[in-house]
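Naming: A, B, ... by sequence-line order, numbering from 1 per chain.
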Number of protein chains: 2
Amino acid sequence: MGKGRVTVIDIAKAAGVSKSTVSLVLQASPLVNESTRTKVNAVMRELGYVYNRGAANLRQANARSKIIGIVVNDLTNSFFAELAVGVDTVVQSAGFVQFLSNTSESIDRQREVIASMREHGVSGLIISPARGTEAIDLKPLVMAGIPVVLVVRNIPGAKVSSLVSDNHAGTFAAVEHLAALGHSRIAFVGGFPDTAVFDERLGGYRDAMSKTGTGFQEELVVSSAPSRAGGVDALARAMAMPEPPTAAVCFNDAVAFGVCDGLRARRIEPGKDFAVVGFDDVIEAKTTVPALTTISVDPQGIGQRAAQMLLKQINAGKPEAESAVSSVRLIVRESCGAAMNKPGRKMA
Amino acid sequence: MGKGRVTVIDIAKAAGVSKSTVSLVLQASPLVNESTRTKVNAVMRELGYVYNRGAANLRQANARSKIIGIVVNDLTNSFFAELAVGVDTVVQSAGFVQFLSNTSESIDRQREVIASMREHGVSGLIISPARGTEAIDLKPLVMAGIPVVLVVRNIPGAKVSSLVSDNHAGTFAAVEHLAALGHSRIAFVGGFPDTAVFDERLGGYRDAMSKTGTGFQEELVVSSAPSRAGGVDALARAMAMPEPPTAAVCFNDAVAFGVCDGLRARRIEPGKDFAVVGFDDVIEAKTTVPALTTISVDPQGIGQRAAQMLLKQINAGKPEAESAVSSVRLIVRESCGAAMNKPGRKMA
DNA sequence: GTTAATAATTGGAACGTTCCAACTTTGTCA
DNA sequence: TGACAAAGTTGGAACGTTCCAATTATTAAC
């Protein structure tokens with residue numbers, strides 16, 4: 001039948017009105033008569049009309065597209081997958097659609113995908129930056145007036161909004177909790193030292209160690225890749241010390257799972273002979289055995305909140321940078337040894 | 001400075017050429033002289049030009065946009081997150097960008113996001129359909145000539161491409177392996193019975209049970225939600241039988257993890273006192289303790305292959321539906337009790 | 001020195017929509 | 001009856017690009 005796609009002019013012809021009227025119907029304008037509206041709508045359905053946002057967007061230079069972009073540094077980490085889900089739910093109900101790209105921590109890739117998204121005319125961007133991203137990388141975006149919300153990792157000097165977890169408070173609370181359970185040799189395990197997130201989490205650990213009187217000791221900081229495999233590796237180094245730790249505050253949940261794996265391989269039962277605390281509260285933390293005591297940051301919630309911040313900026317016209325800190329809380333489960341309902345527990 | 005965005009015409013003026021020439025430069029046409037090309041490129045960089053794909057796409061009615069859409073039913077499941085990563089890598093290097101949306105198994109949501117993607121002019125769609133999706137839901141897409149590749153779940157009667165795992169062969173191999181290890185009471189655990197994937201995996205189990213001589217018994221099939229929590233629950237029911245199983249072929253890895261959790265809670269050690277086999281080979285399967293014996297389906301690989309199928313169709317013009325089955329293989333690790341390097345193992 | 005071929009460049013129309021200003025119709029009031 | 005307002009409707013211009021046919025500049029061939 002119809003060769004090309006069906007356009008508003010086709011609808012206009014078929015309904016016996018002008019294209020302008022059809023356009024008004026599309027925008028649900030109150031100017032158009034009820035009877036014509038219904039007729040036009042009927043014709044649209046009949047001919048299988050699909051709105052061409054590209055064309056519309058071209059005309060209205062002011063109001064930008066209904067697209068937001070989200071770029072994350074590691075989508076295979078379920079933390080970021082959940083974050084993306086959170087973003088998706090709110091942008092979807094605001095009538096937006098999201099471009100999602102994964103950079104795998106590559107700065108080059110990140111630059112490419114951001115450029116590509118700009119070409120497609122995104123209205124705003126939520127970015128969890130790759131390691132090593134600098135303020136200058138975001139410069140073009142702010143110059144172009146494109147709202148940006150940084151999540152998870154902040155970038156000093158960048159004039160954009162950010163939403164990060166209260167990392168300092170999280171590890172601080174973890175240490176306090178372990179100290180209250182009687183531990184004094186508490187290690188800080190996992191993570192790459194050259195990131196802001198690492199510094200913040202380590203800072204909370206350090207301050208809490210000083211405050212509880214046990215004091216901060218450099219040797220108890222064992223860094224590694226922030227992954228499950230990294231956790232296994234770091235634990236091995238920690239247990240090789242002359243006086244090994246009896247508890248670990250981990251950089252994130254992935255590391256914590258790795259630590260548990262490593263402990264088991266040594267016939268040490270996490271939650272009984274050794275206390276483990278994670279960070280993130282990923283979805284598996286609750287159901288794994290032993291259930292992981294961890295710092296809850298609610299990835300979906302962060303995604304939702306970031307999306308709301310972004311939409312606010314988009315609607316405001318003038319992007320007003322805003323920094324928010326997402327509060328965290330300690331979720332006590334079994335891996336720290338504090339569970340009440342498990343028989344036969346004993347701590348080292 | 002410049003109020004609106006900088007356009008091809010601005011570049012043309014500044015470089016002292018016509019807009020047509022600038023357009024040719026943008027398309028890397030061999031028609032344009034080398035010296036003018038470099039000059040135009042320099043001006044573009046200087047003025048901070050960004051290509052407007054929307055406008056370009058409007059003109060060329062034939063060649064569609066450089067956007068592909070991917071819609072998945074549950075992005076919080078790391079299987080789908082990895083699938084999305086696989087898709088991303090190949091579409092990215094083909095110069096495309098992906099819309100990603102999560103339906104959370106909601107048909108309504110799925111309809112909405114597909115409509116929205118069409119409005120944005122996607123060139124093609126990769127869909128892991130929500131439960132209950134029917135061929136008729138995809139009808140509008142095939143009528144409009146938009147290439148579609150179904151992944152993971154096929155839909156009978158839909159005239160679109162599909163890429164699914166060889167579910168039957170997977171569970172068949174799992175049962176054969178367990179039988180060779182001496183098991184005869186092997187349960188099939190987890191999954192919702194009203195899905196095609198469930199039927200296929202159960203079919204492989206049933207056929208293998210018959211073939212190995214132990215025979216198929218309905219009571220050994222224990223269904224549940226395809227999640228970790230579902231696995232815990234299903235195991236409880238299995239162990240309550242008069243003659244409990246000694247091994248379990250699980251619907252997927254999430255269920256298998258749940259089964260391990262449930263076993264431990266009963267002081268039964270998975271991989272020693274009970275054999276567990278999963279399905280999917282998600283990223284954690286390798287590092288968890290005990291490492292999970294499972295059917296590898298390589299989610300990233302499926303994503304990549306699906307993307308390639310889609311791009312092929314997009315480039316071919318006429319979409320030629322094609323059905324592919326992604327082969328699977330059994331990865332023997334520790335949870336089935338067959339590991340050679342672990343001391344002190346004994347099977348029930 | 002003319003012609004033909006080749007290389008490089010160009011102006012205008014078109015894509016599908018929205019916006020604006022102008023227009024028609026109908027109803028109200030003096 | 002005429003003036004005016006309100007309610008609906010409309011044609012044309014514009015958005016930023018690509019395509020086409022036409023044009024000019026350059027080189028090659030006789």
Side-chain angles (χ1 to χ4, degrees), chain A residues 2-41 43-44 47-67 118-123 144, chain B residues 2-41 43-44 47-67 118-123 144:
Chain A
K3 201 74 253 295
R5 68 156 83 213
V6 23
T7 121
V8 333
I9 299 195
D10 301 327
I11 304 297
K13 251 178 228 149
V17 296
S18 80
K19 62 184 168 43
S20 304
T21 302
V22 177
S23 175
L24 291 176
V25 171
L26 282 172
Q27 303 166 71
S29 161
L31 288 180
V32 44
N33 189 313
E34 201 49 42
S35 65
T36 42
R37 178 195 310 285
T38 50
K39 172 184 229 164
V40 168
N41 277 325
V43 174
M44 291 201 297
L47 299 194
Y49 171 74
V50 345
Y51 185 65
N52 184 337
R53 264 175 211 281
N57 190 52
L58 180 55
R59 183 55 176 85
Q60 20 185 193
N62 48 334
R64 304 184 62 90
S65 76
K66 289 292 221 178
I67 305 177
R118 283 194 66 187
E119 293 185 354
H120 284 284
V122 293
S123 307
Chain B
K3 201 73 254 297
R5 68 156 84 212
V6 24
T7 122
V8 128
I9 300 195
D10 301 326
I11 304 296
K13 252 177 227 152
V17 298
S18 78
K19 61 182 167 47
S20 303
T21 304
V22 177
S23 174
L24 290 175
V25 170
L26 282 172
Q27 304 166 74
S29 160
L31 289 180
V32 44
N33 188 312
E34 200 50 41
S35 66
T36 42
R37 178 195 309 284
T38 51
K39 172 184 230 165
V40 168
N41 277 324
V43 174
M44 291 202 296
L47 299 195
Y49 171 73
V50 345
Y51 185 66
N52 184 336
R53 265 177 212 278
N57 190 52
L58 179 56
R59 183 54 174 85
Q60 16 183 202
N62 46 334
R64 304 183 63 87
S65 76
K66 288 291 219 178
I67 305 176
R118 283 195 66 188
E119 292 186 353
H120 282 101
V122 293
S123 305

Legend entry - Overall bend - the helix from C/dG1-D/dC30 to C/dA30-D/dT1, comparing terminal axes fitted on five pairs, nearest 10 degrees: 50°
Inset, instruction - Rounded to the nearest angstrom, tell me the gap between atom CD1 in A/Ile11 and atom P in C/dG16. - result: 12 Å
Inset, instruction - List the protein contact pattern of nucleotides 5-11 of chain D with one symbol per nucleotide (5' to 3'): B for base contact, S for sugar-phosphate-only contact, - for none; contact means a heavy-atom distance under 4.0 Å. - result: ---SSBB
Inset, instruction - Quickly work out the B/Gln27 CD to C/dT10 C1' distance and round it to whole Å. - result: 15 Å
Legend entry - Between C1' of C/dT18 and CG of A/Leu26, the distance in whole Å: 10 Å
Legend entry - Rounded distance (Å) that lies between atom C1' of C/dG16 and atom CG of A/Leu47: 16 Å
Legend entry - Donor + acceptor pair across side chains of B/Ser23, B/Gln27 (<3.5 Å): yes
Legend entry - Sequence-distant partners of B/Ser18, side chain to side chain donor-acceptor pair (under 3.5 Å), two or more places apart: B/Thr21
Legend entry - Heavy-atom closest pair, residues B/Leu26 and B/Met44: CD2-SD, 4.0 Å
Legend entry - Minimum side-chain heavy-atom gap B/Tyr49-B/Val43 below 4.5 Å: no
Legend entry - Rounded distance in Å - OH (B/Tyr51) to C1' (D/dG16): 10 Å
Legend entry - B/Arg118: side chain to side chain donor-acceptor pair (under 3.5 Å) partners, not counting sequence neighbours: none
Legend entry - B/Arg59 side-chain proximity, nearest of C/dT17, D/dC19, C/dC19: D/dC19
Legend entry - Atom of B/Leu47, atom of B/Ala14 and distance for their closest heavy-atom approach: CD1-CB, 4.2 Å
Legend entry - A/Asn52 CG to C/dA14 P, straight-line distance once rounded to whole Å: 18 Å
Inset, instruction - Provide, to the nearest angstrom, the distance between the CZ atom belonging to A/Arg5 and the P atom belonging to C/dG16. - result: 7 Å
Legend entry - Distance in angstrom units between B/Asn57 CG and C/dA14 C1', rounded: 14 Å
Legend entry - Partner set under side chain to side chain donor-acceptor pair (under 3.5 Å) for B/Asn33, not counting sequence neighbours: B/Ser35
Inset, instruction - Check whether any side-chain heavy atom of A/Lys19 lies under 4.5 Å from a side-chain heavy atom of A/Thr7, and answer yes or no. - result: no
Inset, instruction - Output yes when at least one side-chain N/O atom of B/Gln60 is less than 4.0 Å from OP1 or OP2 of C/dA14, else no. - result: no
Legend entry - side chain to side chain donor-acceptor pair (under 3.5 Å) against A/Thr36, all qualifying residues, sequence neighbours excluded: none
Legend entry - Under 4.0 angstrom between B/Thr7 side-chain N/O and D/dT17 OP1 or OP2: yes
